[in-house]
2 protein chains.
Amino acid sequence: MSGNIKRAKDVEISPIPYVTLTDRVEIRLIEYLQEKNFEPGDLIPTEFEFADALNVSRNVIREALSRLKMLGYIKARKNRGMVTSYPDVMKVFGKVLDPILMSKETQLGLMELRISLEIGISDLLFNRKTPKDIQELEEILKQEIVGPTGDVSKQNNIDFHSKLFQIARNDYIQKFHVLLEQIFTCVYKLLEEKGEILRVSSATHKVIFEELKSGTADSLRKAIQSHLQPHMDIINRERKALTNKEHVD
Amino acid sequence: MSGNIKRAKDVEISPIPYVTLTDRVEIRLIEYLQEKNFEPGDLIPTEFEFADALNVSRNVIREALSRLKMLGYIKARKNRGMVTSYPDVMKVFGKVLDPILMSKETQLGLMELRISLEIGISDLLFNRKTPKDIQELEEILKQEIVGPTGDVSKQNNIDFHSKLFQIARNDYIQKFHVLLEQIFTCVYKLLEEKGEILRVSSATHKVIFEELKSGTADSLRKAIQSHLQPHMDIINRERKALTNKEHVD
DNA sequence: GGTTGTTTATATGTAGGACATATAAATATA
DNA sequence: TATATTTATATGTCCTACATATAAACAACC
């Protein structure tokens, strides 16, 4: 045998990524949009003009434009030309934040992000709450069916936390939460199937509600943080399990 | 004149969006990937097979697949077929989080998100910091050139906060910060050109550093929150200005 | 036996042609 | 002034063709 002789097979060198013409045209088109300082609604050249200017086939142009359409940078109006547009950032986030089609590692990383975000918005919540918010949150609380260990249903949970995020009065934060919430639902479904039982924090929804209503921004934050701690524990455990698994491989 | 008679022109009804075949095929392909429970690296049918199965032209299939390639759900290996893949979520985020190509409203909303996130990770920072982190952060602090009002350069700012986010030990939070940071840079560049001067908080980088080093998770959070308050003030002011402008229009 | 060279089928990447059709603009009509 | 007709336009969709990198199968060689 070759023993300790280093064979060609052993060379660890990452392959040169094959960059298609479409990839390059996509980049070039984004640059073009940036350079031209378009306002939303401005007409851009036609497919034929782009194809001509870049000296590529209309197919390639269309594939690149199709990508930009998906990102929302342009909108095509059938038979009338294309116009620039501000993309719907959260819509694109939604396309790629599919819990089923992401790695476990990504799921856990994003769950941690969501928890951090919820802790971080406590100041916003406190500053922007209205009497109507308090009233609506109390209504949601009344709908809750609390089990013997203080647990509530998935729907109760989603309702409560969604309302919390809504009080922050920031569409981006709110929509981001909806997307990240899906990941929780997906991951916890799997854990439940394995017989996992989530520890319930003593900082219940009711405690959070009371702090939001008549506590301080600080006490609210502590309540939220404490409420989410069991989730954080599970994420930390799962992350550790993942890392160990990697080392075994 | 027609006076107060309601004319057809005045009817406010949003047009029915034209959905292309490519749009529908894209949705169908994502469903397909979800249904089939593919592992990353699994071979999927060829373009011809998809075109045949869905009874559409290869062009349409290719445009839809091109979008999925951009999202990272599939990878095409030239002449060898396509395989499934876990998308690089943050790479896609980067494509759509271009500060130049987003509305002012989106910029402000995302800036607020970033601030909330930075406040929210203080627990992570405190729990995950290492002596090496403290040392490196101190090194960054030493590089800072502090002006008479306590202001530091953009680069000093980026270095410090990037290191902070790095201590959270979460790639997704960290990369997200890099993307959102760009928006700050872009917005502040515009404000500066208008002669705007940012109020500097008494909670300087040094204060944050000291709290991280020898304070508590709570005192650290307060320092970060206080440090970011001037930014929050500006965002609130700009948001209000935007809303007023809308009402005028 | 293991390496090297040859052949072949395969699937993506790219080009180019064709046509349907919705729309806007121009024109004509009532 | 409102409606009807015509025309040029640009996107959406389909089709054909071919270059070429790769894998697999096979042959040749030391």
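Not less than 6.0 angstrom separates the ring centroid of B:Tyr172 from the ring centroid of B:Phe93. Ring centroid separation for the pair B:Tyr73 and B:Tyr86 does not come in under the 6.0 Å cut-off.
Listed by residue number, A:Asn79, A:Arg80 are the residues of residues 65-82 of chain A with a heavy-atom contact under 4.0 Å to DNA chain C. Heavy-atom distances under 4.0 Å link DNA chain C to A:Thr22 of residues 22-47 of chain A, given in residue order. Near DNA chain C, defined here as any heavy-atom distance below 4.0 Å, the residues from residues 51-62 of chain A are A:Val56, A:Ser57, A:Arg58, A:Asn59, A:Val60, listed numerically.
Remark: the backbone N or O of B:Phe38 is not paired with any side-chain donor or acceptor of B:Asp42 at under 3.5 angstrom. Remark: the backbone N or O of A:Glu49 is not paired with any side-chain donor or acceptor of A:Asp52 at under 3.5 angstrom.
Look at CZ on B:Phe48: it is 11 Å from C1' on D:dC18, rounded to the nearest Å. Taking atom CG on B:Leu21 and atom C1' on C:dT21, their separation rounds to 15 Å, with Å as the unit. Atom CD in B:Glu49 sits about 10 Å away from atom C1' in C:dA11, given to the nearest Å.
No more than 12 heavy-atom neighbours from other residues, nucleotides or ligands sit within 6.0 angstrom of NZ on A:Lys75.
Here the straight-line distance linking atom CG of A:Asp171 with atom OG1 of B:Thr106 works out to 9.5 Å at 0.5 Å rounding. Put simply, CG on A:Asp23 and NZ on B:Lys69 are 8.5 Å apart, with the number rounded to the nearest 0.5 Å.
Ion pairing between B:Glu181 and B:Lys154 fails under the 4.0 Å rule for side-chain N and carboxylate O. Salt bridge annotation for A:Arg169-A:Asp133: present, with a cationic side-chain nitrogen under 4.0 angstrom from a carboxylate oxygen.
Aromatic ring orientation, B:His231 versus B:Phe184: perpendicular (interplanar angle above 60°, classes split at 30° and 60°).
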